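A quick write-up on the structure given underneath.
This one's a predicted model, so the numbers in the text were calculated from it and none came from an experiment. Just so it is clear: chains get the letters A, B, ... in the order the sequence lines come, proteins before strands, and each one is counted from 1.
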Number of protein chains: 2
Amino acid sequence: MSVTLKDVAALAGVSRSAVSRTFTEGASVSAKTRSKVEKAAHELGYSPNALASSLTTGRTKLIGLISNNFHNPIFLEVFDQFTRALQERGLRPLIVNLTDETEPANSVRMLRQYSVDAAIVASSTLPPSFAKAFHDAGVPVVHTFGRSATSPEVHVVGIDNVECGRMAARELLARGYKRVGYLGGPKNATSALDRYRGFMEELANHPEIDVTHCFADAYSFEAGRAEMLRFLEDTTAQAYFCGDDILSVGALSALKDHGLQPGQEIGIIGLNDMEMSRWESVDLTTIHQPIKQIITSSVDLIEEMLKEPQRYPEARIFPCRVIERGTLRPRP
Amino acid sequence: MSVTLKDVAALAGVSRSAVSRTFTEGASVSAKTRSKVEKAAHELGYSPNALASSLTTGRTKLIGLISNNFHNPIFLEVFDQFTRALQERGLRPLIVNLTDETEPANSVRMLRQYSVDAAIVASSTLPPSFAKAFHDAGVPVVHTFGRSATSPEVHVVGIDNVECGRMAARELLARGYKRVGYLGGPKNATSALDRYRGFMEELANHPEIDVTHCFADAYSFEAGRAEMLRFLEDTTAQAYFCGDDILSVGALSALKDHGLQPGQEIGIIGLNDMEMSRWESVDLTTIHQPIKQIITSSVDLIEEMLKEPQRYPEARIFPCRVIERGTLRPRP
DNA sequence: GCTCAAGTTGCAACCGGTTGCAACCACAGG
DNA sequence: CCTGTGGTTGCAACCGGTTGCAACTTGAGC
């Protein structure tokens, strides 16, 4: 059926080892043999079987990419960046969709069956135990968008969510809002909790400010909309920090229902700066999370771990900044 | 490092074959041996190496999932559905992001290196030659969202795009629009061409109707917006069929810029019925494409091809229907 | 022409499994 | 007690590669 080492060796009139060596970096082959082999390989349309070689080398170049977030548009950007960054380095993403899975053991077993070289947990709504399960099973792992404080044993790449909460609070204060609210993601997401903490900490210095908060069921449009509708029934905040752009977009939709003009009557600041936030019809003031840098750095880290498996764990934290658009009133 | 057959065999006091057989469906092992092996395997935390076994069985359960569409939110739904459908059947998606790739040969080679059991080309903007390249290389392939007419040798799952174009035209006619336009996807997408053809064919029966058209650069918000802005400069159509919801959303944004009220002053009908189209702030009248059925069927077909590789190619076409929302004026 | 080091090559064992085959076993039927 | 049968088991070869090792080739230096 498919062309193997043996076929090429036969055609080129050399041993199987010689063929193998011409296809492995830095092996000792003479120019003459190499060219004979390359000619034969080309003639037969041979390409080495990566899986078979993984048996002896222990390297598959397969990277498990684990996520559960398929309802937040930012994740289309995340998948795009991850798949491209991995491909550029000759690595292959093996996707695991954890939407209806809560047990780390299953994913770990599955990815070990396929001998992935490493795993990337790309979600802030998966508990630290997920990344830790891979680490404990001896699989190099990076938790992208994770929280470093509670995962000292694994590599974490992302942002300082507490600081982002503070940043949002400062931004609302600077614009003179007196009654503010936090509309966060699900309570099981470390990002939602940390952003909440930062927001509250900063406002604790300003006891004159009135604060409310809530946590949505998910990082999704519907959840953001539902919570904002609830707020609008009895709360009188003038501005909200929504813990994610997709929640913000849901919230904006709720405001529209109530005939409220974002920016003018009610302020909204999001977090992520997803593509959609730039759309004129959304025009969301938001905190930019440097997705591209985070992902490139995650993949760099993966590569380095492959070279040095016992690498001491680190957290790579990237700064965020406010992007001014139309959903907050201007600074005085 | 990791636990192998041999370790389990040694602990259980049986041969390696016995261990292998307890883990393969339908092999002949006595209840006694099986329980001994299972006990030992559990004790050591053994799980078989899928890649090693693929060497002899020729099955990896790896499925190449190839796409280039990472700027259309519908693809988040597509990836979600695909990854789940594959997982449910014990198959593993190996993603290939073709955003900056135009040469099929590379992807084919790559996926053959990983011995994928089959490939799914999930895009209407990739040329038929992509799917064909896999077919020619002996890799079972399904072109989801493909066009059956120009790909008789590969399996295609999707919708009848020509009929959708007609459907859109009929819908605009039924609502009494006299000047209409088609705002399609990129010209290299079979879907964009076929929808165009159907739209025009239907309108050819109504010479009194004034028709314009254009093709956007991509299936993206920006492209849809840009084309609609261009239309608004000199065209006076009353309603547009946008060949995709994301183009529609871009177009809606352009209308808003010009102070035009969709539904009232200018009609828009999309195609896909993505999640966002249901949002109150979008509220897009659109043609529903049954994504879930298409994907489930694609994966079913993949499974059947694995059983019967020489299966005669077929096209599975699912009917679409108009979803009435707020961007077309009501039927009289 | 001889020596020797460096570079090249093939053999054979191995990676972690699967599987055809023949030997073996227990047991039912005569 | 013998025979035949069907189920179970282990051996050994194989899947498509890699790699340590020893043997070989080559060519420079004297």
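End-to-end axis angle for the helix from C:dG1-D:dC30 to C:dG30-D:dC1, using five pairs per end and rounding to 10°, comes out at 40°.
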Solution key, residues 68-79 of chain B side-chain donor-acceptor pairs under 3.5 Å, sequence neighbours excluded:
from: B:Asn68; atom 1: OD1; to: B:Ser123; atom 2: OG; distance (Å): 2.8
from: B:Asn68; atom 1: OD1; to: B:Thr125; atom 2: OG1; distance (Å): 3.2
from: B:Asn68; atom 1: ND2; to: B:Thr125; atom 2: OG1; distance (Å): 2.9
from: B:His71; atom 1: ND1; to: A:Glu275; atom 2: OE2; distance (Å): 3.0
from: B:Asn72; atom 1: OD1; to: B:Ile74; atom 2: N; distance (Å): 3.3
from: B:Asn72; atom 1: ND2; to: B:Asp244; atom 2: OD1; distance (Å): 3.3
from: B:Asn72; atom 1: ND2; to: B:Asp244; atom 2: OD2; distance (Å): 3.3
from: B:Glu77; atom 1: OE2; to: B:Glu275; atom 2: N; distance (Å): 2.8

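Contacts of A:Thr56 classified as side-chain contact (heavy atoms from CB on, under 4.5 Å), with partners at least two apart in sequence or in another chain: none. With sequence neighbours excluded, the residues forming a side-chain contact (heavy atoms from CB on, under 4.5 Å) with B:Ser20 are B:Leu5, listed by chain and number. Listed by chain and number, the residues in a salt bridge (charged side-chain N to carboxylate O under 4.0 Å, His left out) with A:Glu38 are A:Arg34 (sequence neighbours excluded).
Along DNA chain D, the nucleotide nearest to A:Lys6 and the one nearest to A:Thr24 differ in position, and the one closer to the 5' end is contacted by A:Lys6. In terms of position along DNA chain C, the nucleotide closest to B:Tyr46 lies nearer the 5' end than the nucleotide closest to the other residue of the pair B:Arg21 and B:Tyr46.
Judged by distance alone, the side chain of B:Asp136 and the main-chain N or O of B:Ala133 form no donor-acceptor pair under 3.5 Å.
With salt bridges taken as basic N to acidic carboxylate O contacts below 4.0 Å, none links B:Asp117 and B:Lys61. Salt-bridge annotation for A:Glu304 and A:Lys307: absent, with no side-chain N of the basic residue lying under 4.0 Å from a carboxylate O of the acidic one.
The span of DNA chain D lying next to chain B, judged by atoms under 4.0 Å from heavy atoms, is bounded 5' to 3' by D:dT8 to D:dG16.
Contact annotation for B:Thr4: backbone-only contact, meaning every heavy-atom pair under 4.0 Å involves sugar-phosphate atoms and none involves a base. Using a 4.0 Å heavy-atom distance criterion, A:Thr33 is classed as a sugar-phosphate-only contact. Among the heavy atoms of the strands lying under 4.0 Å from B:Ser28 is at least one base atom, whether or not backbone atoms are also near. Note on B:Val29: only backbone sugar-phosphate atoms sit closer than 4.0 angstrom, heavy atoms only; bases stay farther off.
Residue A:Ser17 places no side-chain N or O under 4.0 Å from the OP1 or OP2 atom of C:dT9.
A pairwise comparison of heavy atoms in A:Val19 and A:Val8 identifies CG1-CG1, 3.9 Å as the closest pair.
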